[in-house]
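Letters A, B, ... mirror the listed sequences (proteins, then strands); counts begin at 1. The analysis underlying the following values was restricted to heavy atoms, covering all of them including side chains, and did not include hydrogens, waters or symmetry mates. Because the structure is predicted, anything quoted here is derived from the model rather than measured.
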2 protein chains.
Amino acid sequence: MNEQFRAHIEKLSTINDEQFDYILSFFKPKKLKKHSILISEGDTVSYEYWVAKGCLKASYVLQDGKERIIRFAMEDWWISDYDAYFKKNPATLHIECLEDCEVLVLSFDDREKLCKELPEMEYFFRKKIEGAYAAFQKRLISLLSSDAKERYDFFLQQYPMLHKRVSKSIIASYLGITRETLSRISNL
Amino acid sequence: MNEQFRAHIEKLSTINDEQFDYILSFFKPKKLKKHSILISEGDTVSYEYWVAKGCLKASYVLQDGKERIIRFAMEDWWISDYDAYFKKNPATLHIECLEDCEVLVLSFDDREKLCKELPEMEYFFRKKIEGAYAAFQKRLISLLSSDAKERYDFFLQQYPMLHKRVSKSIIASYLGITRETLSRISNL
DNA sequence: CTTTAAATTTGATTTACATCACACTTAAAA
DNA sequence: TTTTAAGTGTGATGTAAATCAAATTTAAAG
């Protein structure tokens with residue numbers, strides 16, 4: 001896992017062995033069973049998670065119990081309720097493991113400390129969120145501009161690997177449609 | 001304008017006079033007439049803009065000429081096509097002044113140089129985009145989970161000032177509905 | 001002030017997708 | 001294996017919002 005994590009960081013920042021050991025000391029590894037819940041609505045969110053193994057969903061749960069998937073995470077992705085984590089608001093999202101998972105946990109305070117002490121990490125996190133922001137913009141365009149079929153095709157093209165790992169009901173909920181509609185459009 | 005810009009930066013990073021002068025040297029002031037176009041679809045996007053005065057829209061233009069507003073900008077906000085700017089993709093957005101505007105222009109290369117040379121600015125830009133990302137998450141939840149009326153109410157609550165400055169057709173396009181639908185729900 | 005254009009409202013009709021209901025299939029427990 | 005549950009597919013019906021079509025109000029330009 002550590003080598004995988006180091007490779008992940010070195011995609012954006014070059015660091016030496018000593019620096020990596022120091023960075024790693026801020027992260028706490030954690031194993032989670034399928035269906036484990038990392039964040040529930042209303043929680044104070046002090047952690048974000050880097051996924052070494054497994055697959056998770058972050059969703060908004062409606063009054064009637066239906067849910068909308070806000071984002072997924074799998075190997076090498078990060079996940080949290082970022083509105084709550086960055087802005088110290090109560091969580092609006094529910095984050096749950098869709099498979100058994102292994103993650104590295106980072107607290108907000110440690111993140112800030114790491115950024116202050118290591119410019120390489122401040123750069124890393126800045127670049128990381130720039131990428132996430134750009135991806136979010138694309139998703140928004142897709143949601144505002146495309147019908148269900150087009151959004152599904154865009155999703156398949158963007159996340160072919162996810163399509164094989166998560167149920168169709170969950171993909172439907174990511175696309176903002178019902179599972180019935182997805183079933184109908186997916187064999188067009 | 002310079003004092004306004006300095007106050008904007010000092011909301012997140014403390015800087016001295018010398019640093020501010022250095023920072024400012026990277027920004028180029030520009031005056032723009034209403035209807036000026038800053039970015040067109042397909043452009044290479046090398047600049048982002050900090051708004052000192054005025055109001056702009058960033059929109060995605062559909063094949064039939066209809067548009068979806070991806071974001072607005074007004075005093076103290078930043079705007080660009082961030083997918084294109086950060087990821088060096090061709091622009092998908094169209095950015096246009098809704099009023100006469102005054103902006104400060106920053107090139108991508110200067111942004112990176114500034115971040116490398118001044119940790120305060122790397123911190124500033126990281127915090128800035130963390131906030132923008134959190135706001136984007138809220139918008140996504142609103143789009144996926146609410147009907148037209150609820151989204152309009154959320155918009156009014158979040159951006160009361162914008163509501164007074166931009167036309168209803170444009171607000172409708174931000175909400176992902178038609179102007180007719182907005183007209184019907186807005187006097188409910 | 002007058003003319004022309006842009007923005008908004010209102011009504012009638014259509015449509016994409018949701019909802020409801022149930023059959024069927026696959027996977028996980030007992 | 002049998003049982004129970006979770007996931008998927010398909011039809012019938014309902015509905016929020018889109019579309020089409022004017023009418024009206026507001027703003028800009030001559």
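One interatomic measurement links the two molecules: NE2 of His35(B) to C1' of dA7(C), which rounds to 12 Å at whole-angstrom precision. If you take CD1 of Ile177(B) and P of dT9(C), they are 12 Å apart, rounded to a whole angstrom. In this entry the distance linking CZ of Arg184(B) with C1' of dT15(D) reads 14 Å, nearest Å. We find that CD1 of Ile185(A) is positioned 14 Å from P of dT10(D), with the value rounded to whole Å. In this entry the distance linking CG of Leu62(B) with C1' of dA18(D) reads 13 Å, nearest Å. Going from atom CG of Leu182(A) over to atom C1' of dT19(C) covers 16 Å, rounded to whole Å. Residue Glu99(A) contributes atom CD, which lies 18 Å from atom P of dA6(D) at whole-angstrom precision. Nucleotide dG7(D) holds its P atom 14 Å from the NZ atom of Lys168(A), rounded to whole Å.
Each of dA17(D), dC17(C), dT10(C) was ranked by its minimum atom distance to the side chain of Asp147(A); first place goes to dC17(C). Side-chain atoms of Ser169(A) lie closest to dG7(D) of the nucleotides dG7(D), dA21(D), dA16(D). In this structure, of dA18(C), dC20(C), dA17(D), it is dC20(C) that holds the atom nearest to the side chain of Glu180(A).
Here Ser167(B) lies in heavy-atom contact (under 4.0 Å) with sugar-phosphate atoms only. At a threshold of 4.0 angstrom between heavy atoms, the contacts of Lys34(A) with the nucleic acid are absent. Within the 4.0 angstrom heavy-atom criterion, base atoms lie near Thr178(A). Across all strands, Ser183(A) comes closer than 4.0 Å to base atoms (heavy-atom distances).
A cation-pi geometry, defined here as NZ or CZ lying under 6.0 Å from the six-membered ring centre and within 45° of its normal, does not hold between Arg111(B) and Phe86(B). For Arg139(B) and Phe136(A), the positive end is not near the middle of the six-membered ring at less than 6.0 Å and at most 45° from its axis.
With 3.5 Å as the limit, one finds a donor-acceptor pair spanning the side chains of Arg71(B) and Gln137(A).
Taking a cutoff of 4.0 Å between a charged side-chain nitrogen and a carboxylate oxygen, Asp100(B) and Lys34(B) do not qualify as a salt bridge. A salt bridge between Lys66(B) and Asp64(B) is present, with a side-chain N of the basic residue lying under 4.0 Å from a carboxylate O of the acidic one. Taking 4.0 Å as the cut-off between side-chain N and carboxylate O, Lys127(A) and Glu112(B) count as a salt-bridged pair.
Rounded to 10°, the helix from dC1(C)-dG30(D) to dA30(C)-dT1(D) has 60° between the axis fitted to its first five pairs and the one fitted to its last five.
A sub-4.0 Å separation between OP1 or OP2 of dA16(D) and a side-chain N or O of Lys149(B) is absent.
Note that CG of Leu118(B) is 11.0 Å distant from NZ of Lys113(B), once rounded to the nearest 0.5 Å.
Side chain Arg179(A) to base dT10(D): no donor-acceptor pair is found below 3.5 Å.
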